[in-house]
Engineer: 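My questions will all concern the structure given below.
Chain A is the first sequence line, chain B the second, and so forth, proteins listed ahead of strands; every chain is numbered from 1. None of these values were measured; they are calculated from a predicted model. These values consider heavy atoms only, across backbone and side chains, with no hydrogens, waters or symmetry-generated copies.
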Protein chains: 2
Amino acid sequence: MTDRLPPDILIGHLKEAELRVTPQRLAIYRALVASDAHPTAKDLFEQLQSTLPSMSQATVYNTLQALVEHGLIQEIAEAHDGAVHYDAETTPHINLICTNCHRIEDVLDVPLHDVAEQVTARSGYQFQNMRIAYYGLCPRCQQTLAADQPGE
Amino acid sequence: MTDRLPPDILIGHLKEAELRVTPQRLAIYRALVASDAHPTAKDLFEQLQSTLPSMSQATVYNTLQALVEHGLIQEIAEAHDGAVHYDAETTPHINLICTNCHRIEDVLDVPLHDVAEQVTARSGYQFQNMRIAYYGLCPRCQQTLAADQPGE
DNA sequence: ATGCATGCAAACTCTTTGCAAACGC
DNA sequence: GCGTTTGCAAAGAGTTTGCATGCAT
């Protein structure tokens, strides 16, 4: 778009945040950016077992915490499953959460600035971020449930 | 406003939900409806210690779970403090979350149906509920932080 | 070389569960 | 009286912490 995109743009993000570039951090960050499943710390830990067998759970938690603090990723706690999920998409957007299968999808193309501006104007808060959790049944689960319970 | 409000409207809600009306349930439900602080289970437990000293924490957790399942209250997990907060306001609205003092306020008068409709149309999801978390600095904390750190 | 990051294990918090006694309907 | 709800205590899950070793800068 502007310059060429180096293959290690994530390394650049880490350096700009003044975080040391360790293999663990880079692997966690890469896995999260590559995923669209909004994984938990445990998900990432298990996924990276094959690549970094010696990595500890604490490192995953510490790293995710560091990335959040430096604004590189965001937390999602809206899944109501007791675990914090993470999201590499840091701009305000909508999370679609299926109350049956508990998957989380992103909706990036519904504009939210109007809502944000209205809230800012009325509340006097200084805007930092916004997250919308939309709870519903995904199309797949609608069909499944309709088939299972024809009466309801 | 419309009719007279009977003092035990909450009892009616419990009965409509086919939940037995126990002193513990009523006290928890009342405390939550009366509060605008979006308390956690532990908050409610501690608050009700003086009224119901024999009540156990498990009862608070069980009761809140039952109230959520029957649609009388809602969970808020967006505070990112590791605990689930609860809200007696069950219509879609915006939660204003101060990232400095961690208080949660409601914004009830910003319309959200447009956003909900757009998402429903694009996603094919069957709408159930929506929750908006707006993160920012409340006016009080803006002043406090400005005074503490004049350079930033 | 300096000091931040990692790995390990224990600790901590929040929440859930099992079971007997108590209570609402 | 029947079946749900409570209270207690223990267990469970997710996350954090302390400290010595290792590694990025």
Engineer: Is the shortest side-chain N/O distance from Gln24(B) to OP1 or OP2 of dG7(D) below 4.0 Å?
Structural biologist: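 Answer yes for this pair, as a side-chain N or O of Gln24(B) is under 4.0 Å from OP1 or OP2.
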
Engineer: Rounded to whole Å, how long is the line connecting atom CG of Leu64(B) with atom P of dC14(C)?
Structural biologist: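 So the CG-P distance, Leu64(B) to dC14(C), works out to 14 Å.
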
Engineer: Calculate the interatomic distance between Gln49(B) atom CD and dG7(D) atom C1'; express it in whole Å.
Structural biologist: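 Taking CD of Gln49(B) and C1' of dG7(D), I get 13 Å after rounding.
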
Engineer: Going 5' to 3' along nucleotides 8-15 of chain D, which nucleotides have protein heavy atoms under 4.0 Å from the base (write B), which only from the sugar-phosphate (write S), and which from neither (write -)?
Structural biologist: BB----SB

Engineer: Could you grab the distance from atom CG of Leu52(A) to atom CD of Gln47(A), nearest 0.5 Å is fine?
Structural biologist: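 Leu52(A) CG to Gln47(A) CD: 11.0 Å, rounded to 0.5 Å.
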
Engineer: Please answer whether the main-chain N or O of Ala31(B) pairs with a side-chain N or O of Ser35(B) as donor and acceptor at a distance below 3.5 Å.
Structural biologist: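 No.
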
Engineer: Arg25(B) has an atom CZ; how far is it from atom C1' of dC23(C), in whole Å?
Structural biologist: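 Atom-to-atom, Arg25(B) to dC23(C), this comes out as 12 Å.
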
Engineer: Using a distance-only test with no angle check, is there a side-chain donor-acceptor pair under 3.5 angstrom linking Thr99(B) and Gln128(A)?
Structural biologist: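 Gln128(A) and Thr99(B) do have a side-chain donor-acceptor pair below 3.5 Å.
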
Engineer: Closer than 3.5 angstrom, by distance alone: can the side chain of Arg131(A) be matched with the main-chain N or O of Glu78(A) as a donor-acceptor pair?
Structural biologist: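 A pair under 3.5 Å: no.
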
Engineer: Ignoring hydrogens and angles, state whether a donor on the side chain of Thr120(B) or Tyr134(A) is under 3.5 Å from an acceptor on the partner side chain.
Structural biologist: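 The criterion, which ignores hydrogens and geometry beyond distance, is satisfied for Tyr134(A) and Thr120(B).
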
Engineer: May I ask you to check whether Asn95(B) and His85(B) show a side-chain donor-acceptor distance below 3.5 Å?
Structural biologist: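 Note: Asn95(B) and His85(B) side chains miss the donor-acceptor criterion.
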
Engineer: How large an angle, rounded to 10°, do the end axes of the helix from dA1(C)-dT25(D) to dC25(C)-dG1(D) enclose when each is built from five base pairs?
Structural biologist: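 For the helix from dA1(C)-dT25(D) to dC25(C)-dG1(D), the axes at either end differ by 50°.
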
Engineer: Would you find a donor on one side and an acceptor on the other, under 3.5 Å apart, between the side chain of Gln126(B) and the backbone of Cys141(A)?
Structural biologist: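 Here the side-chain-to-backbone pair does not exist.
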
Engineer: Would Ile132(A) and Val107(A) count as a side-chain contact (heavy atoms from CB on, under 4.5 Å) here? Give the steps.
Structural biologist: CA-CA 10 Å; Ile132(A) 303 197; Val107(A) 177; over 6 Å; no

Engineer: Which whole-number value in Å describes the distance from Leu48(B) CG to dT6(D) C1'?
Structural biologist: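 Going from CG in Leu48(B) over to C1' in dT6(D) covers 15 Å.
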
Engineer: Grab the CD-C1' distance between Glu46(B) and dT15(C) for me, whole Å please.
Structural biologist: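 Roughly 15 Å, once rounded to whole Å.
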
Engineer: Could you tell me the separation between the CD atom of Glu69(A) and the P atom of dT16(D), rounded to a whole number of Å?
Structural biologist: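 Taking atom P of dT16(D) as the reference, CD of Glu69(A) is at 10 Å.
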
Engineer: Starting from C1' on dC4(C), measure out to NE2 on His70(A) and report it in whole angstrom.
Structural biologist: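 Rounded to the whole Å, the gap is 12 Å.
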
Engineer: Rounded to whole Å, please give me the gap between CD in Glu18(B) and C1' in dG3(D).
Structural biologist: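 Spelled out: CD on Glu18(B) to C1' on dG3(D) is 14 Å.
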
Engineer: Working to the nearest 0.5 angstrom, can you tell me the gap between Tyr125(A) OH and Ile97(B) CD1?
Structural biologist: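 These two atoms lie 9.0 Å from each other.
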
Engineer: Do any N or O atoms of the protein come closer than 3.5 Å to N or O atoms of nucleotides 19-25 of chain D, and which pairs are they?
Structural biologist:
{"residue": "dT25(D)", "atom": "OP1", "partner": "Val21(A)", "partner atom": "N", "Å": "3.1"}

Engineer: Rounded to the nearest 0.5 Å, what's the gap from CZ on Arg103(B) to CG on Leu96(B)? Could you check?
Structural biologist: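 Arg103(B) atom CZ to Leu96(B) atom CG measures 9.5 Å (nearest 0.5 Å).
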
Engineer: Exactly one of Asn62(A), Leu72(A), Leu32(A) should register a side-chain contact (heavy atoms from CB on, under 4.5 Å) with Leu67(A). Which one does?
Structural biologist: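 One option only clears the test, and that one is Leu72(A).
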
